[in-house]
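Each remark here refers to the structure printed beneath this line.
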Amino acid sequence: MRQFIIAGNWKMNLSVDQSVALAKDIVEISKEIKKTSIVIAPTYLALSKVADVIKGSNVKLACQDIHWQDQGAFTGKVSIDMVKDLGVEYVIIGHSEQRQYFGETNETVNLKVKKTLSAGLTPIICIGETLDERNGGNLESVLSAQIKGAYQDISKEEALNTVIAYEPVWAIGTGVVATDEQAQDTQAFVRSVLQDIYGEEVASALRIQYGGSMKPDNAAGLLGQKDIDGGLIGGAALKADSFFAIISAAEAQSK
Ligand code: PEP
């Protein structure tokens with residue numbers, strides 16, 4: 001049975017103090033959550049302080065990217081060991097903003113996934129199509145290339161320690177959410193690609209989140225779909241009450 005995973009991607013929002021305050025609120029209100037994995041991804045600058053806040057709680061720490069090299073002349077970048085030392089357990093990889101603005105490709109996603117797995121951390125691998133790609137009939141080919149690229153040379157055992165976030169680019173930060181049916185159909189396709197690569201057992205065990213304007217008022221419908229195992233949340237993760245409402249929607253229908 002796949003456990004729901006609700007992850008908040010705080011992006012380049014919130015100061016260190018604001019991040020600490022939000023983390024404290026989330027820890028407090030999530031005390032009774034037993035079945036849903038809760039993950040928060042603050043700015044790198046706040047990781048250390050947020051790690052102290054969530055210690056011993058059921059809230060886990062993520063970062064929003066890493067570099068695939070261990071060290072060296074990579075100005076502005078952060079290595080896996082640096083974040084692991086701070087208590088990071090999950091790494092968001094291949095977010096559409098990374099792909100769109102910072103030259104992320106399926107190849108660099110693969111390098112980052114390998115590095116994250118080799119350190120024993122869990123990658124949250126983001127995939128998703130633009131509106132033009134969807135309307136142009138290229139949804140399946142785009143997603144298929146993203147999945148095959150991300151999982152290139154990743155073993156079955158390693159794949160089991162990954163999470164996918166299906167995030168239609170047209171739904172991210174726009175307030176336009178995929179319908180329950182669109183999200184379900186697409187996520188079933190994502191699972192079928194995983195099945196082609198790894199077989200039924202791995203495909204049915206892997207958690208696939210939906211991301212893209214998930215909010216308290218649409219979360220229950222999306223999370224009620226067979227192939228949706230959680231959410232990667234941007235805007236609604238920046239307030240404890242809306243993030244908690246989504247966590248509660250997951251907990252209420254835990255599979
Ligand atoms: C995201 O950035 O991953 C995301 C899903 O953002 P939002 O929830 O704001 O659409």
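Numbering of residues begins at 1 and proceeds along the displayed sequence. Just so you know, ligand 1 is whichever comes first in the structure, and atom 1 is the first atom listed for that ligand. None of these values were measured; they are calculated from a predicted model.
S79 and Q71 form no side-chain donor-acceptor contact under 3.5 Å, judged by distance and modelled atom types alone.
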N or O contacts of ligand 1 with protein under 3.5 Å, please list pair by pair.
| residue | atom | partner | partner atom | Å |
| --- | --- | --- | --- | --- |
| ligand 1 | 2 (O) | K11 | NZ | 2.4 |
| ligand 1 | 2 (O) | H95 | NE2 | 2.8 |
| ligand 1 | 3 (O) | H95 | NE2 | 2.9 |
| ligand 1 | 3 (O) | E167 | OE1 | 3.2 |
| ligand 1 | 3 (O) | E167 | OE2 | 2.6 |
| ligand 1 | 6 (O) | G234 | N | 3.4 |
| ligand 1 | 8 (O) | G234 | N | 2.8 |
| ligand 1 | 9 (O) | G235 | N | 2.8 |
| ligand 1 | 10 (O) | G173 | N | 2.7 |
| ligand 1 | 10 (O) | S213 | N | 2.7 |

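With hydrogens and angles disregarded, a donor-acceptor distance shorter than 3.5 Å links the side chain of R191 to the backbone of L206.
A 4.5 Å side-chain heavy-atom check between I33 and F244 finds at least one atom pair inside the cut-off.
Scanning for side-chain contact (heavy atoms from CB on, under 4.5 Å) contacts around V53 gives V20, A23, K24, V27, with sequence neighbours left out. Shown here are the salt bridge (charged side-chain N to carboxylate O under 4.0 Å, His left out) partners of D65, two or more places apart in sequence or in another chain: K112.
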Show which side-chain atoms of residues 132-150 pair as donor or acceptor with protein atoms under 3.5 Å away, not counting sequence neighbours.
| residue | atom | partner | partner atom | Å |
| --- | --- | --- | --- | --- |
| E133 | OE1 | T130 | N | 2.8 |
| E133 | OE1 | T130 | OG1 | 3.3 |
| R134 | NE | E129 | OE2 | 2.8 |
| R134 | NH2 | E129 | OE2 | 3.4 |
| R134 | NH2 | Y166 | OH | 3.3 |
| R134 | NH2 | T186 | OG1 | 3.1 |
| S141 | OG | N138 | O | 3.1 |
| S144 | OG | K148 | NZ | 3.4 |
| Q146 | OE1 | G128 | N | 2.8 |
| Q146 | NE2 | G128 | O | 3.2 |

